[in-house]
There are 2 protein chains.
Amino acid sequence: MATAYAAPRGPDSRAAACPGTVNGHSLCAPLHKGTNLDVNPSHPLVRPGAYRPSVPLEHRLVTRRIPQARDRGIPDATVARLPLYLRALNGLSERATLTVSSEDLAAAAGVNSAKLRKDLSHLGSYGTRGVGYDVQYLIYQISRELGLTQDWAVAIVGVGNLGRALANYGGFASRGFRIAGLLDADPAVVGDQIAGLVVEHTDALETVIADRSVSIVVIATPAAAAQHVCDRVTAVGVTSILNFAPVVLNVPDGVDVRKVDLSIELQILAFHEQRKASGGPIMAEEWPDGVEPVNERSIGASS
Amino acid sequence: MATAYAAPRGPDSRAAACPGTVNGHSLCAPLHKGTNLDVNPSHPLVRPGAYRPSVPLEHRLVTRRIPQARDRGIPDATVARLPLYLRALNGLSERATLTVSSEDLAAAAGVNSAKLRKDLSHLGSYGTRGVGYDVQYLIYQISRELGLTQDWAVAIVGVGNLGRALANYGGFASRGFRIAGLLDADPAVVGDQIAGLVVEHTDALETVIADRSVSIVVIATPAAAAQHVCDRVTAVGVTSILNFAPVVLNVPDGVDVRKVDLSIELQILAFHEQRKASGGPIMAEEWPDGVEPVNERSIGASS
DNA sequence: TAGATTGTTAATCGATTAACAATC
DNA sequence: TAGATTGTTAATCGATTAACAATC
């Protein structure tokens, strides 16, 4: 049954393989265009029509995934914005909003409405013309797309100030990220209890990853230790790393590294600030009296 | 003297305004193509030829900036990578490397060498064909471009785990970012000493910003407080904000907001992880025995 | 000079956006 | 039906990259 909708692979082959299309809209109803997810057509949650948001979504849908097919169909820029939409939708949900237009949702997420519609169109046709998007339904579809309908075990390596902040950050657990381990190389820190977990020694890194099915590792160590930690975790099969250490990690093919660099963000701000202000916050000299808006400023003390 | 090189404004007007060009290379020697910085041509540091890297760079160059002119000439994507190059160059500098090729520097920064050369060409022609780039000279040019040759006063609002981590982060001070104030609304935190600073009450926010010439504000408050803090600091003229709170800030025109969202990074990793693994880390069912690579998986407990 | 490497070109790729036909 | 709003198109814009002439 699931394979009945399987289309030949290759660029844009999905629509062509369907028995009919109108203006590019697939007529293969249960297989949402632009998705790889083959949805059970008899299920009450499947659109259009019978969706009832009163029943917990997690217990209703059976999906059959054809791996690695349309995934390339979702642009990176779109993936990076889906969490923004999800957050905006959750805000609407808390205020009991049932439907939302692309215009309003885009405003809440801080993006252009055309961009929002384009992004959502990569997931499928989940809106209703003339009405908007069902908030609960869209929350579910985006969550599923991002993999947030399952639980992800995360290990944090390096329990300094930043590691502690991450361990205590409430935004993880609410999105399906479960801190499954805190590890540090410093014996003075090992044994501390943080956010309900006992800090373990990094000697146990491989064991923790294997025993607790950790799939995402957060590196919050000093720069000098980061590559070594990275090597160890990729060696035991971890393929997703969030790196806070200010180094470029070398990883095997197939490993995703995302990097958060606090000082880089400040440097980008400084670049723009330098240009907005005609001189900057610390200006020893006044403007010269010339007609041109020229900033004469000596760098450093002498000269 | 500074205004002698001022070119008419407008797209690509700089090269056209020069007395002569060869293949797009400006013959206006002291005005490096693609920069707005009018360099003193008689200064020994000015290229080509007389550059001697043995003298501290900060004490040698006098620049005259023509505000807001070529700044639009540096693409955002390039600006975001300059800090990466700077970090890689500092690494080379520590190992006493004098020159570096675009190939090697690109490898150290984790980018394509053509991209690196393209990026650097936006700053000027600071390399030497057949040789490479002088490490010290390039460090100085990138630092100047990013505004790191001056001191920036930063205030951190919200001294929870994250605020403390930021206050203690060594990567700021080394790049010219000086923490000038730590503020929190919680009386239990006010008065604490962190990273050599005493935490002040947010009541003093406007005073601290004005008295200490704060130009960059880091918001590390809970989400609910972020917009209010943002409103207050923009009202007194702050135009650069680094926001860690998980909200979209509304700001007046001309204010730059950069956002660091820890959970968004994890969500993007989860998206890719879900696709790499054919199912994910928590897999209750086995693959069905069919010929197709179909993943049958129920979401949640029932069904 | 010969070898090496930059800075630029031009092709390609991906992202953004306004406009609007489709359609609820 | 009339009004509203989606999903798509197509134009534009910006970023990436290989290739190579320029030139040290």
Side-chain angles (χ1 to χ4, degrees), chain A residues 11-12 15 21-27 32-35 47-49 51 72-82 85 98-107 109-135 137-138 141, chain B residues 11-12 15 21-27 32-35 47-49 51 72-82 85 98-107 109-135 137-138 141:
Chain A
D12 295 323
T21 62
V22 173
N23 273 354
H25 288 255
S26 169
L27 298 182
H32 286 296
K33 181 158 170 289
T35 79
R47 290 210 140 198
Y51 169 56
R72 74 200 59 179
I74 301 195
D76 286 346
T78 295
V79 172
R81 281 187 295 263
L82 292 180
Y85 304 152
L98 296 180
T99 64
V100 64
S101 68
S102 62
E103 198 68 47
D104 290 350
L105 181 55
V111 304
N112 176 299
S113 70
K115 188 188 286 181
L116 170 76
R117 290 197 299 277
K118 183 85 161 164
D119 284 340
L120 294 183
S121 76
H122 287 113
L123 310 190
S125 294
Y126 295 144
T128 304
R129 289 167 144 98
V131 177
Y133 300 89
D134 183 295
V135 170
Y137 186 66
L138 196 52
Q141 291 298 344
Chain B
D12 296 322
T21 61
V22 174
N23 272 352
H25 288 256
S26 169
L27 297 180
H32 286 296
K33 182 159 171 289
T35 79
R47 291 206 140 201
Y51 170 56
R72 73 201 59 178
I74 301 193
D76 286 346
T78 295
V79 172
R81 282 188 294 264
L82 292 180
Y85 305 152
L98 296 180
T99 64
V100 65
S101 69
S102 63
E103 197 69 48
D104 290 350
L105 180 55
V111 303
N112 176 298
S113 70
K115 189 188 287 182
L116 170 75
R117 290 197 299 278
K118 184 85 162 164
D119 283 342
L120 294 183
S121 76
H122 287 114
L123 311 188
S125 294
Y126 296 144
T128 304
R129 288 167 145 99
V131 177
Y133 299 89
D134 182 294
V135 171
Y137 185 67
L138 195 52
Q141 291 297 345

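Residue numbers begin at 1 in each chain, while the letters A, B, ... track the order of the sequences.
The nearest whole Å value for the distance from the CG atom in B/Asp76 to the P atom in D/dC13 is 16 Å. Rounded to whole Å, the distance from NE2 on A/His122 to P on D/dT9 is 11 Å. When the C1' atom of C/dG7 is taken as reference, atom CD of B/Glu103 falls 15 Å away, rounded to whole Å. Between B/Arg129 atom CZ and C/dT5 atom P the separation is 14 Å, expressed in whole Å. Summarising the geometry, the separation between CG on B/Leu120 and P on C/dT8 is reported as 11 Å, rounded to the nearest angstrom. Here the C1' atom of nucleotide D/dG7 and the CG atom of A/Leu138 are 14 Å apart, to the nearest Å. Whole-Å rounding puts the B/Asp119 CG to D/dG14 C1' distance at 13 Å. The nearest whole Å value for the distance from the OH atom in A/Tyr137 to the P atom in D/dT6 is 16 Å.
If A/Arg81 and A/Gly130 are placed on DNA chain C by their nearest nucleotide, the residue sitting closer to the 5' end is A/Arg81.
Closest to the side chain of A/Thr128, out of C/dC24, D/dT6, C/dT6, is C/dC24. In the set C/dC24, C/dT17, D/dT5, C/dT17 carries the atom at the smallest distance from any side-chain atom of A/Lys115.
At least one side-chain nitrogen or oxygen of A/Ser102 sits closer than 4.0 Å to the OP1 or OP2 atom of D/dT6. Residue B/Tyr133 has a polar side-chain atom (N or O) positioned under 4.0 Å from OP1 or OP2 of C/dG7.
Pairing each heavy atom of B/Asp119 with each of B/Thr78, the nearest pair is OD1-OG1, 2.6 Å. Of all the heavy atoms in B/Ser113 and B/Ala106, the pair that sits closest is CA-CB, 3.5 Å.
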Could I get a table of every N or O pair under 3.5 Å where one atom is in the protein and the other is in nucleotides 18-20 of chain C?
{"residue": "C/dA18", "atom": "OP2", "partner": "A/Asn112", "partner atom": "ND2", "Å": "3.1"}
{"residue": "C/dA19", "atom": "N6", "partner": "A/Arg117", "partner atom": "NH2", "Å": "3.3"}

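Within the model, atoms CG of A/Asp76 and CZ of A/Arg81 stand 10.5 Å from one another, a figure rounded to the nearest 0.5 Å. Interatomic distance, B/Glu103 CD to B/Arg117 CZ, rounded to the nearest 0.5 Å: 7.0 Å.
Taking a pair as Watson-Crick or G-U wobble with both distances under 3.5 Å, DNA chain C forms stems of 3 or more consecutive pairs at C:3-24 with D:3-24.
Taking the six-membered ring where the residue is Trp, the centroids of A/Tyr133 and A/Tyr126 are separated by 6.0 Å or more.
In this structure, B/Leu116 and B/Leu105 have side chains that are in contact, with non-hydrogen atoms separated by less than 4.5 Å. In this structure, the side chains of A/Leu123 and A/Leu82 come closer than 4.5 Å at one or more pairs of heavy atoms. Annotation: side chain of A/Leu138 is in contact with side chain of A/Leu120 (closest heavy-atom distance under 4.5 Å).
Remark: the backbone N or O of A/Val131 is not paired with any side-chain donor or acceptor of A/Thr128 at under 3.5 angstrom.
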